Colleague: 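Can you read through this structure? Questions will come right after.
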Amino acid sequence: MATTLLSSPLQGFTDFRFRNAFNHYFGGIDTFYAPYIRLNGKLKIKQSYQNDLAPENNTTLEVIPQVITNSADEFIYVAKYVQSLGYKELNWNLGCPYPMVTKSGMGSGLICQPVKINEILHRAHNETDILVSMKMRMGYENAEEILDTFPILDQYPLKNIAIHARIGKQLYKGPVNLDAFEKCIDSTKHKLYYNGDITSVSAFKAIEKRFPNIDHFMIGRGLIADPFLPSMIKNDTTEYPKDRWSIFSEFHDTIYRQYDAYLSGPTPIKMKMLGFWEYFSRSTSNPQKAYKAIKKASNPAKYRQAVDQILHTEMKIGSTL
């Protein structure tokens, strides 16, 4: 059974600049999900969302737009917008765990409201012809919440349901609940994708072995922490390329230049890259030291020095292995 790998969207990270650079330097991802569109009650698409989904910014990738909402009007508005750009599918985010989202009754905070979910899906399927897919967690408070949605979801021709095997309240802490995910497989007719803690080739293989009938796997934070991971999974290897850190260096410089041109001033680019290094540093030989060096860099020149030093250290270690 061929494995399909998907990039789970991370708000603030996996925009078109990251996606294009990732695809060019690393590969291994079959489909990228764009970070969610959130309207906040105004039927207007922000410029940043327009840029992210503009066809000219996504010429070499398969990209699926995503919406986060608890309003049928918003869902339909976004569906028609993305269709006007040529997209045929819209993914509905019922997975986001962050309190500022869940307290508004969106993301994983909506899973406990099957009636509301039904109302939105009913209108979406009656008032548009877009293909709908779902991104979910097990629930917000407990892993049983999702089971109550399946009788509703099974009434609609959804393309798939991607499930992150945690509850919203966990955020990203604690282990994934594989027993609860297995229960989901037996509780719905829909095709399920697995998401959660695929952070290494061995972690992937353990999940694959546990769920032999699952052939679509989403990688989120693991993909940023180790950009080589998807291609290594696809090639069934735990060996990094010999020029691993040179490739990473080119990738880093590409996204740095693009974000620097887009953001204004040294502070926004510093914060943007600091966010990335929270993940990038995890693949270094000394994650704490690497992240601390980036954090301490007080201007672009010092940031460059810190990055060069980290990469020099990793290349040196790599050459002795």
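This one's a predicted model, so the numbers in the text were calculated from it and none came from an experiment. Side-chain atoms are counted along with the backbone in the values below, which use heavy atoms only and exclude waters and symmetry mates.
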Colleague: Is the side chain of Thr149 donor-acceptor paired with the backbone N or O of Glu145 at a distance under 3.5 Å, no angle test?
Modeller: no

Colleague: Is it the case that over 12 heavy atoms from other parts of the model lie below 6.0 angstrom from the NZ atom of Lys183?
Modeller: no

Colleague: With a 3.5 Å distance limit and no angle check, can you tell me whether Asp52 reaches the backbone of Phe16 through a side-chain donor-acceptor pair?
Modeller: yes

Colleague: Residues two or more places apart in sequence or in another chain: which of them pass side-chain contact (heavy atoms from CB on, under 4.5 Å) with Lys44?
Modeller: none

Colleague: For a 4.5 angstrom cut-off between non-hydrogen side-chain atoms, does Ile198 reach Met218?
Modeller: no

Colleague: So, the side chain of Ser108 versus the backbone of Gly139: is there a donor-acceptor pair under 3.5 Å, distance only?
Modeller: no

Colleague: Check whether Arg166 reaches the backbone of Gly174 with its side chain - one donor and one acceptor, N or O, closer than 3.5 Å.
Modeller: yes

Colleague: If every non-hydrogen atom of Ser285 is compared with every non-hydrogen atom of Glu314, which pair is closest and at what distance?
Modeller: OG-OE2, 2.9 Å

Colleague: Measure up the Phe251 and Phe26 rings against each other and bin them: parallel (under 30°), tilted (30 to 60°), perpendicular (over 60°).
Modeller: perpendicular

Colleague: Okay, side chain of Asp73, backbone of Ile76: is any donor-acceptor separation there less than 3.5 Å?
Modeller: no

Colleague: Is there a donor-acceptor pair closer than 3.5 Å between any side-chain N or O of Lys316 and the backbone N or O of Leu311?
Modeller: no

Colleague: Can you sort out the partners of Lys302 under side-chain contact (heavy atoms from CB on, under 4.5 Å), two or more places apart, ordered by chain and number?
Modeller: Ala297, Ser298, Asn299, Gln305

Colleague: Checking the side chain of Asp236 only, and the main-chain atoms of Met232 only, is there a donor and an acceptor separated by less than 3.5 Å?
Modeller: no

Colleague: Can you name the one residue among Ile64, Val67, Val132, Ile37 that meets side chain to side chain contact (heavy atoms under 4.5 Å, CB included) with Leu90?
Modeller: Val67

Colleague: Pick from Thr128, Leu121, Asp129: which one makes a side chain to side chain contact (heavy atoms under 4.5 Å, CB included) with His125?
Modeller: Leu121

Colleague: Decide yes or no for Arg244 and Ser283: does some side-chain heavy atom of the first lie under 4.5 Å from some side-chain heavy atom of the second?
Modeller: yes

Colleague: Quick check against the 3.5 Å criterion: does Glu182 have a side-chain atom that pairs as donor or acceptor with the backbone of Phe211?
Modeller: no

Colleague: On the 0 to 90° scale, with breaks at 30° and 60°, tag the Tyr259-Phe276 ring pair as parallel, tilted or perpendicular.
Modeller: tilted

Colleague: How about Lys173: does its NZ atom have over 12 heavy atoms from other parts shown lying under 6.0 Å from it?
Modeller: no

Colleague: Do Asn93 and Tyr33 have side-chain atoms, one donor and one acceptor, less than 3.5 Å apart?
Modeller: no

Colleague: Which of these, Lys191, Lys135, Met134, sits in a side chain to side chain contact (heavy atoms under 4.5 Å, CB included) with Ile161?
Modeller: Met134

Colleague: Quick check: does any side chain N or O of Gln258 sit under 3.5 Å from a backbone N or O of Ile255, one acting as donor and the other as acceptor?
Modeller: no

Colleague: Start with the C-alpha gap between Ile117 and Trp92, add the side-chain angles, then the distance that decides, and say whether side-chain contact (heavy atoms from CB on, under 4.5 Å) holds.
Modeller: CA-CA 10 Å; Ile117 293 168; Trp92 187 15; 3.9 Å; yes

Colleague: Any non-hydrogen side-chain atom of Tyr36 less than 4.5 Å from a side-chain atom of Val101?
Modeller: yes

Colleague: Taking side chain as C-beta onward, heavy atoms only, is Arg221 less than 4.5 Å from Asp197?
Modeller: yes

Colleague: Check for me whether Arg123 meets the cation-pi criterion with Tyr77, that is, NZ or CZ under 6.0 Å from the six-membered ring centre and within 45 degrees of the ring axis.
Modeller: no

Colleague: Only counting residues at least two apart or in another chain, list the ones meeting side-chain contact (heavy atoms from CB on, under 4.5 Å) with Asn286.
Modeller: Gln288, Lys289

Colleague: Among Phe18, Trp277, Phe32, Tyr279, which residue meets the ring pair (Phe, Tyr, Trp, His ring centres under 6.0 Å) test with Phe13?
Modeller: Tyr279

Colleague: To the nearest 0.5 Å, how far apart are CD1 in Ile310 and NE2 in His312?
Modeller: 12.5 Å

Colleague: Let's go through Asp308 and Arg304 carefully: what are the C-alpha distance in whole Å and the side-chain angles of both, what is the deciding distance for salt bridge (charged side-chain N to carboxylate O under 4.0 Å, His left out) to 0.1 Å, and is it a yes or a no?
Modeller: CA-CA 6 Å; Asp308 288 347; Arg304 184 71 260 175; 3.0 Å; yes

Colleague: With Leu229, which of Leu5, Val201, Leu223 fulfils side chain to side chain contact (heavy atoms under 4.5 Å, CB included)?
Modeller: Val201

Colleague: Is any side-chain heavy atom of Phe75 closer than 4.5 Å to a side-chain heavy atom of Glu127?
Modeller: no

Colleague: With no hydrogens and no angle check, just 3.5 Å: does a side-chain donor-acceptor pair link Asn118 and Tyr156?
Modeller: yes

Colleague: Report yes or no: does Lys159 contribute a side-chain atom to a donor-acceptor pair with the main-chain N or O of Leu131 at less than 3.5 Å?
Modeller: no

Colleague: Using the ring of each side chain (for Trp, its six-membered ring), is Tyr303 parallel, tilted or perpendicular to Tyr256, with breaks at 30° and 60°?
Modeller: parallel

Colleague: If you compare all heavy atoms of Arg137 against all heavy atoms of Pro97, which two are closest, and at what distance to 0.1 Å?
Modeller: NH2-CG, 3.5 Å

